[in-house]
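Written below as structure tokens is the structure these notes are about.
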Amino acid sequence: MQFEDLGLDKRLIKTMEHWGFDAPTDIQAAAIPVISAGKDLLASSKTGSGKTLAFLLPALQRVIRAKAFSRRDPRVVILAPTRELAKQVYGELRKLVAGTQYKAVLILGGENFNDQAKEFRKDPMFVVATPGRLADHLEHRHLNLDGLEMLILDEADRMLDLGFEPQLKAINAAAGHRRRQTLMFSATLDHQQVNDIAADMLNEPKRVAIGYVNEEHKDIEQRFYLCDHLDHKQALLDRVMDEEKYQQMMVFTATRADTDRLAKVFVEHGIKAVALSGDMSQSARNRIMNEFERGLHKVLVTTDVASRGLDISNVSHVVNFDMPKHAEEYVHRIGRTGRAGNKGTAISFVGPKDWNSFKNTEGFLDKTMTFATFEGLVGKFKGLAPKRKKTFAKKPTQEKKTRKPAAKKAAPKQRDKSFYKTVAVGEDVFMVKKKKPAAEE
Ligand code: ADP
Ligand code: MG
């Protein structure tokens, strides 16, 4: 498949050539025709597989080809869960519209509200935003979405996790034009809340899923290390610093306090490192991301604020100092490496407190993980025994004993596979598939 085969505007094809992209990625090849046909879409594919252009190219195509409903209202709104990701999507869009008359604005929380209100008065065609701030502007009537043609939700599941459902609904209600299109993208869309909001916001959506969500990401080597306690994790991290050959590294921790602490440890080792967390000022966040992208720091220590979507080509290693609570976040965190065909390494520390999250991740990925060791750093912790139900009151019958665990084990597997099936474009009806497994729980 070539970009030419997707019916894209010549200018866009030229731009892809100019960027050195020979062919569309699988998700681009599958999603672009569906979007160009005017359909609503729920699309998932692994991290780093080019989802951004899978929605930006057809969005731009639409703006180029179709007549606007309104001369003043934005034509395309793109929402992302974090400021960093919104900024990156905006950067990509800006490169695409460079030299055209199509104006794009970036609307983020933490930046000057009045300056943003002025931006809306210039009638931008594209708005890239975080949902909270855009909803605020709608409330203040700084923009009108009657003429909106496309609403795009990048990392939709994460926006819901962060509690943005009311804002998404408000934006959806304000953009209630009957002819608009709605698209949702993520690597992980198997989420009851996504279902619900999709049922609410999408109109007979097509479903494009490339690969299974639990399919192994071949470009990412995953290693897990057991550890006894915090000092042990620290010693493992020291070893990673010394022994791993990395270009740039992202280290994820559970708490904001630990981001600072660990960044300092790297610095004490003479390694340029910096901490990023959601409670920093927006200007500090911008500066840090910018410096990290430019390679001024070798290591970024952060929380899940940076787990989603960020595309930094030199990140060769991801370290989970703590396992993420939700298995989906594991997939997204390690997906900061191994992007666009590059190789990456993901290293995770699993202590007693991480054990449940680790088991959830194993379940989610449908794979039994083995543990690696560093010489001289093998601890005592070997994992926790699975929690047993107390059955002493009544001795279970033989039949029950064999049947119950088997049924339990099979459930998550079924759920993932039935949902994340690779479907041919045009084939459909995801809602039937999704409602069923949810009822099992
Ligand atoms: P995702 O959203 O699926 O995680 P991104 O959209 O961030 O992935 O893209 C990952 C990387 O792949 C980016 O650096 C992007 O520029 C690059 N990329 C996108 N499309 C192509 C393509 N057709 N050919 C080569 N590289 C691509
Ligand atoms: Mg993305």
Side-chain angles (χ1 to χ4, degrees), residues 1-6 8 12-33 35 41-61 78-96 98 128 130 152-159 183-189 194 208-213 215 217-220 247-248 250 289 292-293 295 304-316 318 328-344 346 420:
M1 168 88 65
Q2 297 298 308
F3 279 109
E4 285 84 358
D5 303 328
L6 295 172
L8 287 172
L12 296 176
I13 295 171
K14 271 252 165 69
T15 307
M16 291 301 99
E17 270 171 23
H18 187 65
W19 290 7
F21 293 173
D22 304 331
T25 63
D26 289 349
I27 186 67
Q28 290 161 3
I32 292 173
I35 303 170
L41 175 68
L42 264 165
S44 57
S45 65
K46 68 183 181 192
T47 53
S49 59
K51 290 187 285 296
T52 319
L53 284 175
F55 58 75
L56 286 182
L57 290 173
L60 196 57
Q61 166 98 355
I78 302 163
L79 300 174
T82 63
R83 298 168 190 176
E84 282 73 16
L85 180 56
K87 216 163 166 252
Q88 181 183 293
V89 171
Y90 175 73
E92 197 106 329
L93 175 62
R94 276 289 296 268
K95 282 199 287 172
L96 282 175
V128 183
T130 46
I152 302 170
L153 310 182
D154 195 14
E155 309 282 351
D157 53 328
R158 182 68 179 158
M159 288 196 274
L183 318 173
M184 291 191 186
F185 281 79
S186 180
T188 50
L189 280 175
V194 172
V208 173
I210 303 296
Y212 298 111
V213 68
E215 201 167 53
H217 199 309
K218 294 260 159 35
D219 295 325
I220 306 174
Q247 285 181 280
Q248 279 185 300
M250 285 176 81
M289 278 317 294
F292 186 61
E293 274 169 44
D304 279 323
V305 70
S307 69
R308 292 273 181 155
L310 299 183
D311 185 61
I312 300 157
S313 54
N314 288 327
V315 175
S316 61
V318 169
E328 282 93 341
E329 284 331 290
Y330 176 82
V331 171
H332 288 279
R333 283 181 180 186
I334 73 167
R336 293 319 98 218
T337 185
R339 301 181 68 75
N342 291 320
K343 299 279 177 218
Y420 282 95

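Predicted model only: the values in this text are computed from it and were never measured. Counting convention: from 1, in listed order, for ligands and their atoms alike. Hydrogens, waters and symmetry mates play no part in the numbers below; they use all other heavy atoms, side chains included.
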Do Leu310 and Met289 pass the side-chain contact (heavy atoms from CB on, under 4.5 Å) test, and can you show the C-alpha distance, the side-chain angles, and the key distance before you say yes or no? CA-CA 10 Å; Leu310 299 183; Met289 278 317 294; 3.7 Å; yes
Before you tell me yes or no, could you show the steps for Leu56 and Glu92 under side-chain contact (heavy atoms from CB on, under 4.5 Å), namely the whole-Å CA-CA distance, both residues' side-chain angles and the distance that decides it to 0.1 Å? CA-CA 8 Å; Leu56 286 182; Glu92 197 106 329; 3.7 Å; yes
Walk me through whether Ser307 and Glu329 qualify under side-chain hydrogen bond (donor to acceptor under 3.5 Å, both in side chains). CA-CA 7 Å; Ser307 69; Glu329 284 331 290; 2.9 Å; yes
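Note on Asp154 versus Lys51: no salt bridge recorded, every NZ/NE/NH1/NH2 to OD/OE distance being 4.0 Å or above.
Within the model, atoms NE2 of His332 and OG of Ser186 stand 4.0 Å from one another, a figure rounded to the nearest 0.5 Å.
Under the side chain to side chain contact (heavy atoms under 4.5 Å, CB included) criterion, Pro81 pairs with Leu85, Glu155, Arg158, Met159, Leu162, not counting sequence neighbours.
Ligand 1 is surrounded by Phe3, Phe21, Ala23, Pro24, Thr25, Gln28, Lys46, Thr47, Gly48, Ser49, Gly50, Lys51, Thr52, Leu53, Asp311, Arg339, Ala340, each with at least one heavy atom closer than 4.0 Å.
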